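Since the structure comes first, as structure tokens, the remarks are kept for the end.
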Amino acid sequence: MTPTRLASAASSALVAVLLLAGCTVGPGGAAPHSTSDPSSGPGNAGSGEDHDDIEGALLDDGRMFAVVTWGSSTCVPQVDQVTAEGQTVTATLVEPEGDGATEKACTADLAPRASIGALPEGVDPTKDIELRITYGDMTDDVDLDGDPDASGTPGTPTEYLPSAGWFDDSGLVLLTWGSSTCLPVVESVEGSGDAGTVTFATDGNQVCTMDMVPRATILAFGDDTVDDDKTFTLTLVGGGLDGTVEVR
């Protein structure tokens with residue numbers, strides 16, 4: 001399934017902030033700070049998933065993609081090298097780096113994590129895409145359905161709008177934009193049929209850095225409760241993210 005098409009003009013101020021923060025998402029580039037902690041609230045994928053599988057989703061109106069893997073929720077892999085030949089996109093995931101010379105300590109939990117990357121120029125998001133993912137000793141191919149309504153062009157600037165894409169029958173990757181130090185924290189996820197609601201925690205006293213980065217949040221609904229074969233309306237509540245996202 002593919003994410004919603006959302007239209008808005010990107011402001012030059014946001015572009016400047018993103019560049020100053022070192023978080024540009026160019027063709028085939030990785031997206032720094034592109035993931036949020038998927039275990040930070042309800043709505044996580046269940047334990048019945050195959051933890052060896054790699055899944056994917058198309059995001060940002062066809063400009064970006066998500067790769068979903070299982071592992072420590074505090075050590076989310078980063079998209080490193082991305083290349084394309086026609087509609088075949090090859091990407092490598094690497095472990096996040098620690099601060100300075102120290103290695104990053106990872107919790108021993110097992111959770112789905114979403115890593116965000118940018119599609120290279122020349123890839124057509126309206127047509128099916130094959131992702132070839134290498135992550136350590138593991139390799140996998142992920143088929144992404146093209147979105148005939150996608151109007152974003154890989155390699156062009158984002159419009160900084162939320163988007164979402166299905167990575168399985170009951171799981172979504174939600175892409176939002178904001179501070180890298182104030183990641184979305186999910187309080188609850190509800191859904192039935194062709195509509196769902198995710199509520200985020202709101203902390204009015206939290207101090208956030210003024211950068212602008214992509215953040216990915218895993219949302220999981222109960223088995224057989226939602227219909228991913230129809231346009232799905234996802235309502236965002238709280239956390240400064242109020243609005244709706246149409247997921248196709």
Side-chain angles (χ1 to χ4, degrees), residues 3-4 6 8-26 29-44 57 59-61 63-68 72-80 94-100 102 104-107 111-118 152 157-165 172-189 197-219 234-245:
T4 181
L6 299 169
S8 174
S11 70
S12 58
L14 284 178
V15 173
V17 169
L18 192 63
L19 289 173
L20 289 173
C23 296
T24 53
V25 184
H33 306 292
S34 61
T35 57
S36 60
D37 181 355
S39 64
S40 58
N44 303 314
L59 298 169
D60 199 29
D61 206 14
R63 298 179 184 87
M64 305 179 74
F65 65 92
V67 178
V68 179
S72 171
S73 62
T74 59
C75 291
V76 182
Q78 297 176 351
V79 176
D80 188 19
V94 297
E95 296 297 340
E97 297 180 356
D99 296 329
T102 62
K104 182 176 177 63
C106 302
T107 54
R113 304 88 49 89
S115 308
I116 302 297
T158 181
E159 295 175 342
Y160 302 100
L161 296 171
S163 60
L172 281 172
V173 178
L174 172 66
L175 173 67
T176 58
W177 297 84
S179 171
S180 62
T181 59
C182 294
L183 303 178
V185 177
V186 177
E187 283 191 344
S188 65
V189 176
T197 300
V198 54
T199 301
F200 297 96
T202 300
D203 184 356
N205 297 320
Q206 191 173 18
V207 178
C208 305
T209 54
M210 294 298 292
D211 55 346
M212 177 69 70
V213 300
R215 296 94 52 90
T217 303
I218 297 286
L219 304 176
L234 179 66
T235 300
L236 314 182
V237 178
L241 298 171
D242 299 81
T244 59
V245 175

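The structure presented is a predicted model; accordingly, all values stated were derived computationally and were not measured. We're numbering straight along the sequence, starting at 1. Quick note: numbers below take in every heavy atom, side chains included, and nothing from hydrogens, waters or symmetry partners.
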Distance, nearest 0.5 Å, that separates OG of S163 from CG of D60 | 5.0 Å
M64 and V79, any side-chain heavy atoms less than 4.5 Å apart = no
Between R113 and C75, what is the shortest heavy-atom contact and its length?
-> NH1-O, 2.9 Å
Validation row: R215, V213 side chains within 4.5 angstrom (heavy atoms) | yes
Here the pair of heavy atoms bringing L59 nearest to A66 is CD1-CB, 3.7 Å
Can you name the side chain to side chain contact (heavy atoms under 4.5 Å, CB included) partners of T202, sequence neighbours left out?
-> none
Would you give the length of the straight line joining atom CG of L175 to atom CG of D61, rounded to the nearest 0.5 angstrom?
-> 11.5 Å
Report yes if the side chains of L236 and L174 come closer than 4.5 Å at any heavy-atom pair, otherwise no.
-> yes
Do F200 and V186 come close enough that some side-chain heavy atom pair is under 4.5 Å?
-> yes
Decide yes or no on side-chain contact (heavy atoms from CB on, under 4.5 Å) for V198 and L241, but give the supporting numbers first.
-> CA-CA 10 Å; V198 54; L241 298 171; over 6 Å; no
Shortest non-hydrogen pair, T176 vs P184, comes out as OG1-CG, 3.6 Å
Would you confirm whether T181, through its side chain, and T209, through its main-chain N or O, come within 3.5 Å as a donor-acceptor pair?
-> yes
Would you find a donor on one side and an acceptor on the other, under 3.5 Å apart, between the side chain of S115 and the backbone of P77?
-> yes
Closest non-hydrogen atoms of P112 and V68, given as atom of the first, atom of the second and distance, are CB-CG1, 4.1 Å
Quick one: side chain to side chain contact (heavy atoms under 4.5 Å, CB included) partners of T197, sequence neighbours excluded?
-> T199, T235, V237
Is the side chain of T107 donor-acceptor paired with the backbone N or O of S72 at a distance under 3.5 Å, no angle test?
-> no
